[in-house]
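Computation of the quantities below employed the complete heavy-atom set of this structure, encompassing side-chain atoms and omitting hydrogens, waters and symmetry-equivalent molecules. All figures in this text were calculated on a predicted structure; none of them were measured in a lab.
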Amino acid sequence: MRSILIAGNWKMNFTEKQAIDFLKNLNIENKNIELLICPPFISISAMSKILKNSFIKWGAQNVYPEKFGAFTGEISPIMLSELGCSYVICGHSERRDIFNENNEIIVKKVLSVIDEKMTPILCVGENEKDIKEGKALLKIKTQIESVFSKISKNEKIIPVVAYEPVWAIGTGKSATPEYAQKIAQNIRNYIANIHGETYAESVRILYGGSVNSLNISDFIKEKDIDGALIGGASLDTAKFREIYNKVILTQGV
Ligand SMILES: O=C(CO)COP(=O)(O)O
């Protein structure tokens, strides 16, 4: 049985001071659903100290796939694991689009995160052009296959997949839960074709793209959707708490 994960991706928002204030105001009491926040790199250290004895986990939004070296401006997986990061987002569409990250570099990132015993959150998803050209599923299939074919079936750390349709990110126009479910089911099948049904059944698939407190319940009720990766609504303590509380209610935990 897969457990639900609710994750906030803060993107390039909040100074360290603002991040600390956010945590002070979050006030989440029920601890029964896994909750993750991925702040900008510079806030991870402060966050790790504040959340040390909390159930809330922290992670990173990106990583450079080398241990140390002459890579000016980059952050390595060892640095993140030492700060207690549980998860690292890999291949977010904003990094694919703005920084030209391709599947080749994303595979390296995923493997380097696993090497340091953290869990990668692999982002996949189609844009409007892919849909117009009838290539949405092919794009997602390639994104999934390029990574999962490089991971051993026996590796204990199983990446989380975040399905984020690019057209739904930050637009207020989320996918319908039925549409997201259909894609999530396809994603699971692509993984099953590589590593078998049992492995595929254990992969958690999140939905991301304009998630809010009104639509979260419908997404997690879908059979193949195991949580959400939340951008905008994770920047407001009240909205983020409301989403989390909706998940608690829906799951009855
Ligand atoms: O990109 C996202 C999370 O990684 C989604 O962002 P929004 O929730 O703002 O649409």
Side-chain angles (χ1 to χ4, degrees), residues 4-14 22 33 35-40 61-62 87 89-101 103 106 121-144 160-190 204-251:
I4 297 276
L5 170 62
I6 298 299
N9 172 12
W10 282 359
K11 309 189 179 184
M12 196 180 71
N13 290 293
F14 292 161
F22 179 98
I33 294 288
L35 187 61
L36 167 72
I37 297 174
C38 298
Q61 300 170 16
N62 184 32
Y87 293 87
I89 297 172
C90 299
H92 190 280
S93 65
E94 285 150 19
R95 296 213 57 88
R96 292 180 190 260
D97 292 346
I98 304 170
F99 303 100
N100 291 321
E101 285 191 10
N103 290 327
I106 292 163
I121 298 178
L122 169 68
C123 297
V124 301
E126 81 286 8
N127 58 30
E128 265 165 345
K129 184 165 168 276
D130 299 320
I131 295 179
K132 269 192 207 114
E133 293 173 356
K135 291 180 183 157
L137 277 175
L138 181 65
K139 165 112 164 239
I140 294 165
K141 185 170 186 267
T142 309
Q143 291 172 331
I144 290 289
V160 171
V161 174
Y163 166 56
E164 301 204 312
V166 178
W167 48 269
I169 295 177
T171 58
K173 205 179 82 185
S174 68
T176 63
E178 297 75 28
Y179 180 89
Q181 162 58 25
K182 203 187 82 192
I183 305 276
Q185 191 174 19
N186 275 287
I187 289 173
R188 211 175 287 293
N189 288 340
Y190 302 146
R204 293 193 289 177
I205 302 176
L206 314 181
Y207 167 77
S210 299
V211 169
N212 58 41
S213 62
L214 299 177
N215 59 26
I216 183 69
S217 298
D218 290 332
F219 282 113
I220 59 166
K221 278 180 193 161
E222 294 292 345
K223 182 174 163 292
D224 288 291
I225 298 176
D226 310 305
L229 185 55
I230 302 159
S234 74
L235 296 172
D236 179 310
T237 45
K239 287 183 184 163
F240 199 42
R241 189 167 50 238
E242 212 178 325
I243 290 174
Y244 183 81
N245 288 338
K246 278 280 171 68
V247 175
I248 296 283
L249 268 178
T250 312
Q251 296 299 107

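- Within the structure, ring-ring contact (aromatic ring centres under 6.0 Å, His included) contacts touching residues 209-251 (residues at least two apart or in different chains) are Tyr207-Phe219.
- Of the candidates Asp218, Asn186, Thr176, Asp224, Gln181 forms a side chain to side chain donor-acceptor pair (under 3.5 Å) with just one, namely Asp224.
- Using a distance-only test at 3.5 Å, with no hydrogens or angles considered, a donor-acceptor pair links the side chain of Asn215 to the main chain of Asn212.
- Atom CD1 of Ile243 and atom CG of Asp236 lie 9.0 Å apart (nearest 0.5 Å).
- For the atom pair CD1 of Ile6 and CD1 of Ile220, the computed distance is 6.0 Å after rounding to the nearest 0.5 Å.
- Residues Trp167 and Ile131 meet the side-chain proximity criterion, which asks for heavy atoms closer than 4.5 Å.
- When the salt bridge (Lys or Arg N to Asp or Glu O under 4.0 Å) test is applied to Lys173, the partners found at least two apart in sequence or on another chain are Glu128.
- Residues passing the side chain to side chain donor-acceptor pair (under 3.5 Å) test with Trp10, sequence neighbours excluded: none.
- Note that the CD atom of Gln185 and the CD1 atom of Ile205 stand 9.5 Å from one another [nearest 0.5 Å].
- Partners of Lys129 by side chain to side chain contact (heavy atoms under 4.5 Å, CB included), not counting sequence neighbours, listed by chain and number: Asn127, Glu133.
- For Ser217, the side chain to side chain donor-acceptor pair (under 3.5 Å) test picks out Thr250, with sequence neighbours left out.
- By the salt bridge (Lys or Arg N to Asp or Glu O under 4.0 Å) test, Lys182 is found to be paired with no residue, residues two or more places apart in sequence or in another chain being considered.
- Formation of a donor-acceptor pair under 3.5 Å by the Ser210 side chain with backbone atoms of Ala168 is found in this model.
- Closest approach of Ile4 and Gln251 over heavy atoms only: CG1-NE2, 3.6 Å.
- Here the CG atom belonging to Leu122 is positioned 8.5 Å from the CG atom belonging to Asn103, to the nearest 0.5 angstrom.
- More than 12 heavy-atom neighbours from other residues, nucleotides or ligands sit within 6.0 angstrom of NZ on Lys139.
- Contacts of Lys141 classified as salt bridge (Lys or Arg N to Asp or Glu O under 4.0 Å), with partners at least two apart in sequence or in another chain: Glu145.
- The CD1 atom of Ile248 sits 9.0 Å away from the CG atom of Leu35 when rounded to the nearest 0.5 Å.
- Atom OH of Tyr87 sits about 6.5 Å away from atom CG of Leu36, to the nearest 0.5 Å.
- Shown here are the side chain to side chain contact (heavy atoms under 4.5 Å, CB included) partners of Ile183, two or more places apart in sequence or in another chain: Leu137, Ile140, Tyr163, Tyr179, Ile187.
- For Asp226, the side chain to side chain donor-acceptor pair (under 3.5 Å) test picks out Arg2, Arg188, with sequence neighbours left out.
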*I would like to know whether Ile89 and Arg95 meet side-chain contact (heavy atoms from CB on, under 4.5 Å); could you show each step before the answer?*
CA-CA 10 Å; Ile89 297 172; Arg95 296 213 57 88; over 6 Å; no

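- Considering every non-hydrogen atom in both Ala180 and Ile225, the closest pair reads CB-CD1, 3.7 Å.
- Listed by chain and number, the residues in a side chain to side chain contact (heavy atoms under 4.5 Å, CB included) with Lys11 are Asn9, Asn13, His92, Glu94, Ile169 (sequence neighbours excluded).
- No donor-acceptor pair under 3.5 Å is formed between the side chain of Glu126 and the backbone N or O of Val166.
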*Criterion side-chain contact (heavy atoms from CB on, under 4.5 Å) on Leu249 and Asn245, from CA distance to verdict*: CA-CA 6 Å; Leu249 268 178; Asn245 288 338; over 6 Å; no

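- A search for side chain to side chain contact (heavy atoms under 4.5 Å, CB included) contacts involving Ala162 returns Ile121, Cys123, Glu164, Leu206, Leu229, not counting sequence neighbours.
- Ser213 meets the side chain to side chain donor-acceptor pair (under 3.5 Å) test with Glu242; sequence neighbours excluded.
- Residue Gly208 comes nearest to Pro165 through the heavy atom pair O-CD, 3.3 Å, listed as atom of the first residue, atom of the second, then distance.
- Taking the side chain as every heavy atom from C-beta outward, Pro40 and Met12 never approach each other to under 4.5 Å.
- Side-chain N or O atoms of Arg96 include one that pairs as donor or acceptor with a backbone N or O of Gly91 at under 3.5 Å.
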